[in-house]
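Presented below is the structure to which this report refers.
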Amino acid sequence: MSRGGAGSELDERAERSGHGDTPVRADVLHGTLALMILKTLAALGPLHGYGIARRIEQTSGHQLLLNHGTVYPALLRLEQLGWIRSKWSTSENNRRARYYSITRFGHRQLQAETDRWTRTSGIVARILKLSGDEA
């Protein structure tokens with residue numbers, strides 16, 4: 001059931017998924033993936049990349065679907081910044097996997113990112129509450 005236009009493929013996938021107008025995949029807002037990864041590792045401890053992605057998806061109520069091309073470059077960047085570290089270990093299903101954990105510096109960065117996100121989302125919330133006569 002194509003409606004045409006730029007969003008028609010996403011609309012069709014959402015309809016086929018049984019979610020109505022809810023998209024199957026949502027884009028991650030710039031700068032928020034690092035925050036979500038750091039918070040996930042701080043809350044749950046060491047996880048492999050696949051586990052981090054699945055946990056973020058579960059926590060978002062499956063509003064975010066993360067793929068390897070999104071998660072692994074972010075993990076590499078966070079590791080290069082010193083916010084996380086990794087080590088090879090054996091996964092639950094006896095496969096070699098790289099497990100990531102948050103560093104002390106990562107905890108400090110998580111607090112800074114959380115404060116920044118709280119401020120930013122508060123500003124956006126106030127703007128969204130504007131009525132026509134306030135503009």
Side-chain angles (χ1 to χ4, degrees):
M1 246 205 297
S2 181
R3 297 179 202 159
S8 63
E9 181 182 339
L10 185 59
D11 293 339
E12 286 181 30
R13 286 194 326 204
E15 285 175 9
R16 285 194 307 267
S17 73
H19 290 34
D21 292 331
T22 305
V24 174
R25 179 189 173 283
D27 290 323
V28 177
L29 190 59
H30 179 72
T32 60
L33 183 57
L35 175 60
M36 290 185 283
I37 290 171
L38 291 173
K39 181 61 179 179
T40 300
L41 292 173
L44 301 176
L47 290 168
H48 50 74
Y50 180 81
I52 293 167
R54 296 300 76 83
R55 185 62 183 155
I56 291 171
E57 288 177 359
Q58 289 170 352
T59 304
S60 76
H62 299 281
Q63 294 299 302
L64 294 175
L65 298 181
L66 303 175
N67 62 40
H68 294 297
T70 303
V71 175
Y72 286 97
L75 290 170
L76 177 61
R77 186 174 58 82
L78 295 176
E79 190 169 21
Q80 290 170 342
L81 290 168
W83 299 355
I84 63 173
R85 69 174 144 272
S86 68
K87 75 174 195 176
W88 287 99
S89 188
T90 304
S91 69
E92 310 81 43
N93 57 1
N94 276 342
R95 290 190 176 154
R96 245 172 84 85
R98 185 174 288 219
Y99 279 76
Y100 298 88
S101 58
I102 189 167
T103 64
R104 207 170 327 141
F105 185 60
H107 280 286
R108 287 194 296 264
Q109 189 62 34
L110 172 59
Q111 186 59 56
E113 295 288 326
T114 300
D115 293 345
R116 186 175 305 119
W117 179 251
T118 300
R119 248 187 339 273
T120 301
S121 61
I123 291 167
V124 172
R126 286 191 298 276
I127 291 170
L128 291 174
K129 289 180 183 176
L130 287 175
S131 64
D133 55 344
E134 294 178 74

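Positions are given from 1, in the same order as the sequence printed here.
Applying the salt bridge (Lys or Arg N to Asp or Glu O under 4.0 Å) test to pairs two or more places apart or on separate chains, those with a residue in residues 55-74 are R54-E57. For the salt bridge (Lys or Arg N to Asp or Glu O under 4.0 Å) condition, the pairs that include at least one residue of residues 100-115, sequence neighbours left out, are E113-R116.
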Which donor-acceptor pairs under 3.5 Å do side chains of residues 94-101 form with protein atoms, sequence neighbours excluded?
{"from": "R98", "atom 1": "NH1", "to": "S86", "atom 2": "OG", "distance (Å)": "3.4"}
{"from": "Y99", "atom 1": "OH", "to": "E92", "atom 2": "OE2", "distance (Å)": "3.2"}

Between side-chain atoms of residues 37-50 and protein atoms elsewhere (two or more places apart, or another chain), which donor-acceptor pairs fall under 3.5 Å?
{"from": "T40", "atom 1": "OG1", "to": "M36", "atom 2": "O", "distance (Å)": "2.7"}
{"from": "H48", "atom 1": "ND1", "to": "G51", "atom 2": "N", "distance (Å)": "3.0"}

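In this structure R77 satisfies the salt bridge (charged side-chain N to carboxylate O under 4.0 Å, His left out) test with no other residue, sequence neighbours excluded. Every side chain to side chain contact (heavy atoms under 4.5 Å, CB included) that I127 has, sequence neighbours left out, goes to I123, L130.
Note: the hydrophobic cluster containing F105 also contains L35 (ILVMFWY, side chain heavy atoms under 4.5 Å, direct or indirect links). Both Y72 and L81 belong to a single network of hydrophobic side chains, linked directly or stepwise wherever heavy atoms of I, L, V, M, F, W or Y lie under 4.5 Å apart.
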Point to revise | Evaluation steps, side chain to side chain contact (heavy atoms under 4.5 Å, CB included), between V71 and I56 | key: CA-CA 10 Å; V71 175; I56 291 171; over 6 Å; no
